[in-house]
Protein chains: 4
Amino acid sequence: MAPRPKTLPRKAATQERSKATVDAILGATAKVLVKEGYDRASTNRIAEAAGVSIGSLYQYFPSKEALVAALIERHMDEMGAVVRDSMARLADAELEVATRELVRMMIDAHALDPKLHKVLVEQVPRVGRLERIQDLEAHAIALARAYLEARRHELRPKDLNLATFVVVHVVESVTHAAVLRSPELLGDALIGELADMILRYLRRDV
Amino acid sequence: MAPRPKTLPRKAATQERSKATVDAILGATAKVLVKEGYDRASTNRIAEAAGVSIGSLYQYFPSKEALVAALIERHMDEMGAVVRDSMARLADAELEVATRELVRMMIDAHALDPKLHKVLVEQVPRVGRLERIQDLEAHAIALARAYLEARRHELRPKDLNLATFVVVHVVESVTHAAVLRSPELLGDALIGELADMILRYLRRDV
Amino acid sequence: MAPRPKTLPRKAATQERSKATVDAILGATAKVLVKEGYDRASTNRIAEAAGVSIGSLYQYFPSKEALVAALIERHMDEMGAVVRDSMARLADAELEVATRELVRMMIDAHALDPKLHKVLVEQVPRVGRLERIQDLEAHAIALARAYLEARRHELRPKDLNLATFVVVHVVESVTHAAVLRSPELLGDALIGELADMILRYLRRDV
Amino acid sequence: MAPRPKTLPRKAATQERSKATVDAILGATAKVLVKEGYDRASTNRIAEAAGVSIGSLYQYFPSKEALVAALIERHMDEMGAVVRDSMARLADAELEVATRELVRMMIDAHALDPKLHKVLVEQVPRVGRLERIQDLEAHAIALARAYLEARRHELRPKDLNLATFVVVHVVESVTHAAVLRSPELLGDALIGELADMILRYLRRDV
DNA sequence: AATGAATGAGAATTCATTCAT
DNA sequence: GATGAATGAATTCTCATTCAT
């Protein structure tokens, strides 16, 4: 129906404008979610916070669920980037260094936007395609598993699957709990204790 | 005041009727919460599932929040009973035994009604007096702290506060994650690994 | 079914007890109505305030409307008594005395329970048999009319029907307004002005 | 902000549509209030009578109270216009003319929509910002007070504050009573009697 | 594409009234 | 007669979503 814009720049401009709108909407979603909680975060409120009409919001996201899913996607991509970066850098590091960095990295990842993380994890219904969280975890486990495999000779545990699960979940769970509930504990002392624990668990007895 | 009925049976009957209604409502709340999720769990649906009129529900619980709070209270009482029983029994046990039992107990506690636990923890907004979860945790930490204090001479970590936090959260967090997300991992192997990890962390080097 | 009480005293006692219950309920109705307003005055709240079960309330009053109607009846009886007493005493009084007393009496009548009067007049829906207020007014008009008729030779207005309407409503309306909205104005000054006005209106010019 | 539509017609159309909806809702509110009384006037019934969805009603009026308040505002604006117009015209009129016109005007003002006026005055709870009625009265009293002050030399009463209160309330109260309860009495005869009464009260004896 | 007015199903909650005990 | 648990229709209000302009 409507003729396409004739100039390439214009098109690009339009695309950029779309991108800006999408970003504004996602940003507003995060803001409202954190400020009001999931239940009080209505699409109308989000549209208003984004400075966009409710009609435009639905132009870009066909439902509230899609909107929240996109936000989760974005948040998980950001956390995932931190995780992948760190793991890539540590692939050749020595066990002790790698362990300490793993713990620190997990804290960093959770610290990206802890309030949003909390709402996403605690309040958003786990329905539809909102399962990205699991994916990230699976990925991290796979990477950790490969790392441990390569150093099997240094390690005490026989069942590396189980050991990996335990290590990754210990770090993830405790970090998660600390970030959400006792942020005052975050610091080098906690990192040290967790790393100690893991190293003592992993290292072959001498 | 209104005169009390004179016969015990009659009074008991009345009380029992009320109690049965309250139990039916709480039971239905748990059921609907698990089946439909927090958002879709309307008070009308709950009343219907309880085989009770919506009016009766509001006779006993002045708001939806109060209803969920009561359910949390009940659930936490049940978990708390498991925790307290076990901890009392372990107060004099040797470190290794106590550790293994701690892990097993935590799994048992989470296994009481894992699906309900999951909904309660993941979806229910943390408002009002829904903070019972923290209380339970604080209580467990205090007990564990006292236990470790009594055995300080056997232990390696200097800062017992931090060590207690780490131990309790490792057990709680990993158990939680396993129960909710990877129930197939639950078993003696996991208990063994966790206990090993903790013991290696706690024990003074020989 | 149930055998009637055999002794007369007992029956009387019962009747008295009934009367006390009815009074308690009506008193509680007035209290709750004044405190909470008509809309928030639920039958359950009233029963509770009366120290009586909701079932008992419905034993004596078949509906909320009947309950409020009975309260209006009682209140109007009280106001009516004041009006009738005064009017009987004034039947033979001289015009000036009668006028001043009429004004004072009307203020007294409204002052019996001004807050209840206000709620009854301003908030209670005028449905069913709640029309007692009109009756009282009609009665007062008839008495006043008769009084003026007997003194027609002293009076200026020709149409005594109209004159009576005006006089009674002037007194009633201004009193009502003053009691409900400007109680600080009530006093001898106001009485004097109103009486002056009426006397100047009624008296034949000399 | 969102860019404004460029054509005036389009913009006007949008505004008109909103305005029409608001008007329809207020009109329906008046209608339902008169027909059903305050208690039975539910927001759903009003929306239906307005031919508008309940959602639209709440888009414009955030609560039932706000809705009724807006209707009161509208009604009082209409009455206020009548009062102000008339009083402005009478500012320089002679006492007798002014008095007769005051009475006639008050009847006109009450006759604008007597049934609505009755419901608003008799049934609507006096809460929130529904106090416009008092304002109107205060305004009228101030105007009347100024008028009497300017003619003080013609007048008998010493205390003009009290005299103004009495005059305004006599007119207002009797008019109110006549319009609501005895509309058949409204007419030149009543106006004449009231004006006579007031003039005899106000005029200095000759 | 954008706008925002309109929609209406559905949610929480209240309250007059009934009735088994 | 008294009790108070139970009832459920009705009410206020929210919010995801649609669609005419």
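Letters A, B, ... are given to chains in the order of the sequence lines, protein chains preceding strands, and every chain is numbered from 1.
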### Message
By the 4.0 Å heavy-atom rule, please label B:Tyr60 as base, sugar-phosphate, or nothing.
### Response
sugar-phosphate

### Query
Heavy atoms, side chains only, cut-off 4.5 Å: are C:Leu71 and C:Val124 in contact?
no

#### Entry: Residues in salt bridge (charged side-chain N to carboxylate O under 4.0 Å, His left out) contact with A:Glu36, at least two apart in sequence or another chain
A:Arg40

### Query
Between B:Gln123 (side chain) and B:Tyr38 (backbone), is there a donor-acceptor pair under 3.5 Å?
yes

### Pairwise 5' ranking along DNA chain F for C:Val52 and B:Val52, keeping only the more 5' one
C:Val52

### Query
Considering residues at least two apart in sequence or located in another chain, which fulfil the salt bridge (charged side-chain N to carboxylate O under 4.0 Å, His left out) criterion with A:Asp23?
A:Lys19

### Task
Give a yes/no on whether any side-chain N or O of B:Ser18 is located under 4.0 angstrom from OP1 or OP2 of F:dG4.
no

### All side-chain contact (heavy atoms from CB on, under 4.5 Å) counterparts of D:Ala24, not counting sequence neighbours
D:Ala50

### Query
In whole Å, what is the span from the OH atom of A:Tyr38 to the C1' atom of F:dA16?
11 Å

### Query
Are any of A:Ser53's side-chain N or O atoms less than 4.0 Å away from OP1 or OP2 of E:dT3?
yes

### Query
Starting at the 5' end of DNA chain F and moving along, which residue's nearest nucleotide shows up first, C:Leu57 or B:Leu57?
C:Leu57

### Query
So what's the dot-bracket for DNA chain E: Watson-Crick or G-U pairs under 3.5 Å, [ ] if a pair crosses, | if it pairs off-strand?
.||||||||||||||||||||

## Note on the structure
Hits for ring pair (Phe, Tyr, Trp, His ring centres under 6.0 Å) against A:His117, two or more places apart or cross-chain, chain-then-number order -> A:His75, A:His110, A:His176

### Query
Do any pairs count as a side chain to side chain donor-acceptor pair (under 3.5 Å) and have a residue in residues 46-56 of chain A, sequence neighbours left out, and if so which ones?
A:Ser53-A:Ser56

### Message
What is the separation between atom CZ on B:Phe61 and atom C1' on F:dA5, rounded to the nearest whole Å?
### Response
14 Å

Let me check something: any side-chain donor-acceptor pairs from residues 57-64 of chain C under 3.5 Å, sequence neighbours excluded? List them with distances.
| residue | atom | partner | partner atom | Å |
| --- | --- | --- | --- | --- |
| C:Tyr60 | OH | C:Ser18 | OG | 3.3 |
| C:Ser63 | OG | C:Glu65 | N | 3.4 |
| C:Ser63 | OG | C:Ala66 | N | 3.1 |
| C:Lys64 | NZ | C:Ala41 | O | 3.1 |

### side-chain contact (heavy atoms from CB on, under 4.5 Å) partners for D:Lys115, two or more places apart
D:Val34, D:Asp113

## Note on the structure
When rounded to whole Å, the NZ to P distance for the pair C:Lys19 and F:dG1 reads 16 Å

### Query
When the distance from CD of D:Gln59 to P of E:dT3 is rounded to whole Å, what number comes out?
16 Å

### Message
What does the B/S/- profile of nucleotides 10-15 of chain E look like, 5' to 3', with a 4.0 Å heavy-atom cutoff to protein?
### Response
-SBBBS

